[in-house]
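First up is the structure itself, then whatever we jot down about it.
For clarity, every value in this text was computed on a predicted model and none was experimentally measured. Just so you know, residue 1 is the first one in the sequence shown, and it goes up from there.
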Amino acid sequence: MNDCIELESVGKRFGRTQAVEDLSLRIPMGSLCGFLGPNGAGKSTTIRMIMSIIRPDQGRLTVLGGDAINRKDRIGYLPEERGLYRRMRVGEYLGYIGRLKGVDSRTLRPRISEWLERIDLPGSERSRCEELSKGMQQKVQFLAAIIHDPELIILDEPFSGLDPVNAQLLNELISELHAEGRTILFSTHVLHQAERMCDRIVLIDRGTKVLDDGLEEIRRRFDPRTLTAEPAGDREPWRRSVTGIPGVAVVTDDDEGRLRIRLEDRADPDEVMSACLAMGPVRMIERSRTSLDEVFVSLVAGRDDVADRPEEVLADA
Ligand code: ADP
């Protein structure tokens with residue numbers, strides 16, 4: 001598969017802050033990639049370099065085989081800092097942006113009304129941008145990023161400031177655009193957002209890459225080798241029987257009143273699961289998944305100065 005975005009040893013410093021350091025990345029054509037990391041990790045700086053808004057101090061960077069500046073019509077970009085032409089009407093604004101990106105007015109008009117309907121703002125062409133709520137403005141800005149039907153879509157923190165209903169709507173739109181074949185890169189500091197939708201994850205921390213892989217590979221690599229179960233009958237006898245199954249290391253309680261069955265390294269989870277089922281009826285039993293939050297903490301916990309880092313930075317991730 002061809003790479004859509006390619007970074008080779010890219011670095012960017014602002015005064016004493018090394019915002020991005022020796023960052024190498026390849027985003028394959030057609031992927032839906034989450035660009036993750038806590039606040040201040042260097043995500044926006046990287047995206048701005050990808051968009052040719054700022055220049056890297058070091059390294060090499062290509063987008064769709066060249067420089068983003070010469071490919072703007074093929075790229076959709078939602079910047080982190082939101083801003084609309086406040087006095088403009090929604091239809092006028094989207095038409096203006098679309099024409100700037102080379103789409104003719106006749107194509108734009110029906111496209112704008114269809115999209116406004118899709119984002120639950122039907123018939124709002126004549127509303128002034130400033131009359132819309134923050135969330136609505138953000139959705140209009142998302143449309144401005146995609147109205148020219150770009151093949152590559154780059155969204156910087158697209159979910160921030162959206163309520164759960166609109167976040168879910170945006171999630172669906174992004175997934176649809178991806179299913180139609182577009183390459184999408186979006187940043188977020190909320191890791192579980194990406195977990196639900198991406199096929200690829202790039203995780204950065206303090207300007208350097210700590211993880212870069214497909215979501216399935218990450219799940220396999222960080223498999224916690226744990227089963228979660230809820231016995232249907234008497235809990236303690238079931239627990240004692242399960243503790244005696246070969247391959248079970250330890251059985252503990254989780255926060256939600258279920259049992260966590262930790263497996264020994266050599267154990268086969270499917271075999272242990274069958275053995276557990278033979279010990280008595282269960283309401284549920286399943287293989288636990290490591291969350292991206294846990295992966296992140298396990299990856300950065302080994303870094304030298306983690307103890308000096310403000311707790312909220314880790315919690316924020
Ligand atoms: P993220 O998008 O992951 O939250 P940023 O790329 O915005 O992170 O910032 C990375 C680091 O670079 C932060 O320490 C930030 O303060 C610094 N930084 C970003 N842009 C500038 C700038 N224009 N001038 C000075 N420092 C900056």
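- Put simply, the side chain of I201 reaches to within 4.5 Å of the side chain of C198, judged on heavy atoms.
- Classification of E125 and R89 as a salt-bridged pair fails, no side-chain N sitting under 4.0 Å from a carboxylate O.
- Nearest heavy-atom pair, S24 versus D212, reported as atom, atom and distance to 0.1 Å: O-OD2, 4.4 Å.
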Run D156 and S187 through side chain to side chain donor-acceptor pair (under 3.5 Å) and show every step you take. CA-CA 5 Å; D156 198 350; S187 73; 2.6 Å; yes

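- Taking 4.5 Å as the limit, every side-chain heavy atom of L36 sits out of range of all side-chain heavy atoms of F296.
- Formation of a donor-acceptor pair under 3.5 Å by the Q138 side chain with backbone atoms of S160 is found in this model.
- No donor-acceptor pair under 3.5 Å is formed between the side chain of S124 and the backbone N or O of S127.
- Although no hydrogens or angles enter the test, the distance criterion places a donor-acceptor pair under 3.5 Å between the side chain of H178 and the main chain of G30.
- Between R99 and D104, no side-chain nitrogen of the basic residue sits less than 4.0 Å from a carboxylate oxygen of the acidic one, so the salt-bridge criterion is not met.
- In this structure a side-chain-to-backbone donor-acceptor pair under 3.5 Å is present from D254 to G257.
- Nearest approach of Y77 to A145, heavy atoms of both residues: O-CB, 3.6 Å.
- Residues L64 and R74 approach most closely at CD1-CB, 3.8 Å, considering heavy atoms.
- For R239, the side chain to side chain donor-acceptor pair (under 3.5 Å) test picks out E236, D253, with sequence neighbours left out.
- Between I154 atom CD1 and I5 atom CD1 the span is 4.0 Å, to the nearest 0.5 Å.
- Side chains of D67 and S52: a donor-acceptor N/O pair is present below 3.5 angstrom, by distance only.
- L78 approaches F142 most closely through the heavy-atom pair CD1-N, 4.1 Å.
- Residues V10 and P56 form a side-chain contact, since some pair of their non-hydrogen atoms from C-beta on lies under 4.5 Å apart.
- At a threshold of 4.5 Å between non-hydrogen side-chain atoms, the residues V297 and D293 do not count as touching.
- By the salt bridge (Lys or Arg N to Asp or Glu O under 4.0 Å) test, D223 is found to be paired with R287, residues two or more places apart in sequence or in another chain being considered.
- Using modelled atom types, no side-chain atom of S31 and backbone atom of C33 make a donor-acceptor pair closer than 3.5 Å.
- In terms of heavy atoms, K12 sits closest to Q18 at O-NE2, 3.5 Å.
- Remark: the backbone N or O of R128 is paired with a side-chain donor or acceptor of E131 at under 3.5 angstrom.
- Between the T208 side chain and the I204 main chain, no donor and acceptor come within less than 3.5 Å of each other.
- Listed for the Q137 side chain is a donor-acceptor partner under 3.5 Å among the backbone atoms of C129.
- Atom CZ of R262 and atom OG1 of T226 lie 4.5 Å apart (nearest 0.5 Å).
- For the atom pair OG1 of T62 and CZ of R71, the computed distance is 8.5 Å after rounding to the nearest 0.5 Å.
- E157 meets the salt bridge (Lys or Arg N to Asp or Glu O under 4.0 Å) test with no other residue; sequence neighbours excluded.
- Judged by distance alone, with hydrogens and angles left aside, the side-chain atoms of E256 form no donor-acceptor pair with the main-chain N or O of R258 at under 3.5 Å.
- Residues Y93 and Q141 come closest through the heavy atom pair OH-CG, 4.1 Å.
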